[in-house]
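Here is the structure we will look at.
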Amino acid sequence: MPSPLPSLTGVPPDRFEALAEELGEKRFVGRNLVRWVFQRRATTFDAMTDLSRGLRERLAARFVVRGSRVVADRADPGGTRAFVVELADGKTIETVLIPEEERRTVCVSTQVGCPVACVFCASGLDGLLRNLTAGEIVEQVLHVQDRLEGGEPVSNVVVMGIGEPTMNLVNLSQALATWNDPRGLGIGARRITVSTVGYPLRVDRLAALGKEFGLAISLHAPRQDLRAQLVPNAGKVPLEEVLAAARRYFDATGRRVTFEYVLIGGLNASPREARELAQLLRGFPCHVNLIPVNPVDGLPYVRPAPDEIERFKAIVLDAGIDATVRWPRGDGIAAACGQLRLHIERDREQDRERDRERGAGGAAATTRRA
Ligand code: SAH
């Protein structure tokens, strides 16, 4: 059953003092409560031992602490861990922890499914089911922080999981503010990056938040026709307009924009595209992430040969554009790019089918007996 109550993780940290007052308490109680939710990471009201029993009861009548929980996780030898998070209505999303030397980066989802339907991506296969609430977006980082042994803090957040973040901007903005707020998780804006296919007006609205969040734009093609083929839903936006929005973002925030380019053998990875990309981005204050495609079950897309990848990168670098090859993380555990969730969902569907069959068998047996 979906919980009918909203979660405290969906209350903005700057609203807790007012909330305490509404509940007949002093403002300082609100400061205590916000600490329990985001810093001490209580998951039940009972755990908030220094709040009066009466207050805990009044809170429990109006809220749950969190609205989601981790139901599965998988780790790969490289240290990447993928978590399947179940929401109050039973739907699932995926959150990934990527530990690197000094960083512990969490990759979060913003929607259940995705409306963009990039042809090579597992997340859009069933379209968009729904937006995540602000609390559901925020909580993903809390779930991962709960599981970091030694208590090292999550240092970075990348909004690169399932969904198109800019299609859920109101809830995303609140989540960004909560992560960033010192009363929330206190993660610096420069350590949080939002990845988008780059709808210009939506990029402008991100810039208008007035914070130095990082911006990554999924480009994937240097030509309009090719982009329309790979990113059908966003391919209608002229590339010049995508680039102009990226430029405005740089002007407003001072942050160099990252362009993501998934390399797919036989489609967008030849020297021709490399030259066109170099031409397109020459002089642009950016960084290019070249991502060899992570093959998805049932989809025909393959990685280019290693020398083709190197050649592509060399051409871009020769044009004076900063570029690195980034291998998708967690491909050993089917975690890269929303795929663990798909596997788990498939397993669950099989379980349900088995249950239905058993149920039907039982009913048939009863009928026969009758
Ligand atoms: N919708 C947003 C954010 C989620 S996707 C966006 O498009 O940016 C995050 C990144 O993962 C995007 O660059 C996307 O193109 C990439 N991605 C999706 N499926 C992939 C796959 N199978 N292999 C490699 N990268 C993939």
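- Contact between Pro165 and Val194 at its shortest, heavy atoms only, is CB-CG1, 3.8 Å.
- Here CZ of Arg103 is found 13.5 Å from CG of Leu97. Values are rounded to the nearest 0.5 Å.
- Of the possible donor and acceptor atoms, none in the side chain of Asn233 sits under 3.5 Å from a partner among the backbone N and O of Cys118.
- Within the 3.5 Å criterion, the main-chain N or O of Leu176 finds no donor-acceptor partner in the side chain of Asn180.
- Closest heavy-atom contact between Leu8 and Leu19: CD2-CD2, 4.0 Å.
- With respect to the salt-bridge test (charged N to carboxylate O, under 4.0 angstrom), the residues Arg183 and Glu17 do not qualify.
- Atoms NE2 and CG, from His143 and Leu148 in turn, are 13.5 Å apart once rounded to the nearest 0.5 Å.
- Closest of all the heavy-atom pairs between Leu129 and Asp126 is CD2-O, 4.4 Å.
- Annotation: side chain of Arg256 is not in contact with side chain of Cys286 (no heavy-atom distance under 4.5 Å).
- Between the OG atom in Ser68 and the CG atom in Asp89 there is a gap of 11.0 Å [rounded to 0.5 Å].
- Hydrophobic clustering (side-chain heavy atoms under 4.5 Å, transitive across Ile, Leu, Val, Met, Phe, Trp, Tyr) keeps Leu87 apart from Val170.
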| request: Before giving the answer on side chain to side chain contact (heavy atoms under 4.5 Å, CB included), spell out for Phe120 and His220 the whole-Å C-alpha distance, their side-chain angles and the decisive distance to 0.1 Å. | output: CA-CA 11 Å; Phe120 50 84; His220 307 325; 3.5 Å; yes
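- We find that Asp76 and Arg81 are not joined by a salt bridge, their nearest charged nitrogen and carboxylate oxygen being 4.0 Å or further apart.
- The neighbour count for Arg58 CZ, taken as heavy atoms of other residues, nucleotides or ligands under 6.0 Å away, is above 12.
- Using a cutoff of 4.0 Å between basic side-chain nitrogens and carboxylate oxygens, Glu57 and Arg62 are not scored as salt-bridged.
- A salt bridge does not link Glu308 with Arg303: every distance from a Lys NZ or Arg NE/NH1/NH2 to an Asp or Glu carboxylate oxygen is 4.0 Å or more.
- A donor-acceptor contact shorter than 3.5 Å links the side chain of Glu136 to the backbone of Thr133.
- For Arg202 (side chain) and Leu169 (main-chain N/O), no donor-acceptor pair under 3.5 Å exists by modelled atom type.
- Side chains of Thr110 and Asn131: a donor-acceptor N/O pair is absent below 3.5 angstrom, by distance only.
- Between the side chains of Ser109 and Gln111, no donor-acceptor pair is found at a separation under 3.5 Å.
- For Gln140 (side chain) and Val85 (main-chain N/O), no donor-acceptor pair under 3.5 Å exists by modelled atom type.
- With rounding to the nearest 0.5 angstrom, the CZ atom of Phe16 is 11.0 Å from the CG atom of Leu23.
- No side-chain heavy atom of Thr105 sits under 4.5 Å from any side-chain heavy atom of Val157.
- Looking at Arg191 and Glu212, no side-chain N of the basic residue comes within less than 4.0 Å of a carboxylate O on the acidic one, giving no salt bridge.
- Side chains of Leu172 and Thr166 form no contact here, defined as non-hydrogen atoms less than 4.5 Å apart.
- What you find for Trp36 and Thr49 is that their closest heavy atoms are CZ2-N, 3.7 Å.
- Between Arg66 and Asp146 a salt bridge is recorded (basic side-chain N to carboxylate O distance below 4.0 Å).
- Side-chain atoms of Asp50 and Asn32 include a donor-acceptor pair closer than 3.5 Å.
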| query | Given Thr9 and Val37, is the side chain to side chain contact (heavy atoms under 4.5 Å, CB included) satisfied, shown in steps? | reply | CA-CA 7 Å; Thr9 54; Val37 175; 4.0 Å; yes
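- The side-chain heavy atoms of Val65 and Ser7, taken from C-beta on, include no pair separated by under 4.5 Å.
- Two residues are said to be in side-chain contact when any heavy atoms from C-beta on lie closer than 4.5 Å; Lys91 and Glu86 fail this criterion.
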| message | For Trp179 and Val108: C-alpha separation, side-chain torsions, deciding distance, then whether side chain to side chain contact (heavy atoms under 4.5 Å, CB included) applies. | response | CA-CA 12 Å; Trp179 291 327; Val108 305; 3.7 Å; yes
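- Val116 and Ile291 fall within a single hydrophobic cluster, where Ile, Leu, Val, Met, Phe, Trp and Tyr are joined by side-chain heavy atoms under 4.5 Å apart, directly or via other members.
- From Leu219, atom CG reaches atom CG of Leu280 across 6.5 Å, with rounding to the nearest 0.5 Å.
- Although no hydrogens or angles enter the test, the distance criterion places no donor-acceptor pair under 3.5 Å between the side chain of Glu260 and the main chain of Ser195.
- Looking at heavy atoms from C-beta onward, Leu281 lies out of side-chain contact with Glu276 at the 4.5 angstrom threshold.
- A salt bridge does not link Arg147 with Asp73: none of the charged nitrogens is closer than 4.0 Å to a carboxylate oxygen.
- Taking a 6.0 Å sphere around CZ of Arg205, one finds it holds 12 or fewer heavy atoms contributed by other residues, nucleotides or ligands.
- Aromatic ring centroids of Tyr261 and Phe312 lie under 6.0 Å apart.
- With hydrogens and angles disregarded, a donor-acceptor distance shorter than 3.5 Å links the side chain of Gln145 to the backbone of Glu152.
- Of the inter-residue distances, the one linking Leu206 atom CG with Ser173 atom OG reads 7.0 Å to the nearest 0.5 angstrom.
- Under the 4.5 Å side-chain contact rule for hydrophobic residues, Val242 and Met160 do not share a cluster.
- Asn268 contributes a side-chain N or O that, together with a main-chain N or O of Val262, makes up a donor-acceptor pair within less than 3.5 Å.
- Contact check for Trp327 versus Ile309: side-chain heavy atoms found under the 4.5 Å cut-off.
- Under the 3.5 Å distance criterion, the side-chain polar atoms of Asn171 are matched with a main-chain donor or acceptor of Leu132.
- Between Phe250 and Phe284, the gap from one ring centroid to the other reaches at least 6.0 Å.
- No chain of hydrophobic side-chain contacts below 4.5 Å, direct or via other Ile, Leu, Val, Met, Phe, Trp or Tyr residues, connects Leu230 to Val302.
- A salt bridge is absent between Lys26 and Glu21; no separation between the charged side-chain nitrogens and carboxylate oxygens falls under 4.0 Å.
- In this structure the side chain of Pro232 reaches within 4.5 angstrom of the side chain of Val119, judged on heavy atoms.
- Closest non-hydrogen pair, Glu94 versus Ala82, comes out as OE2-CB, 4.3 Å.
- Cluster annotation: Leu201 is not connected to Leu209 through the hydrophobic network of ILVMFWY side chains, with a link wherever side-chain heavy atoms come within less than 4.5 Å.
- Counting non-hydrogen atoms of other residues, nucleotides and ligands closer than 6.0 Å to CZ of Arg282 gives a total above 12.
- Using a distance-only test at 3.5 Å, with no hydrogens or angles considered, a donor-acceptor pair links the side chain of Ser155 to the main chain of Arg104.
- Between Leu142 and Leu185, the shortest heavy-atom distance links the atoms CD2-CD2, 4.0 Å.
- Checked for salt-bridge contact, Arg223 and Glu273 meet the test: a charged N lies under 4.0 Å from a carboxylate O.
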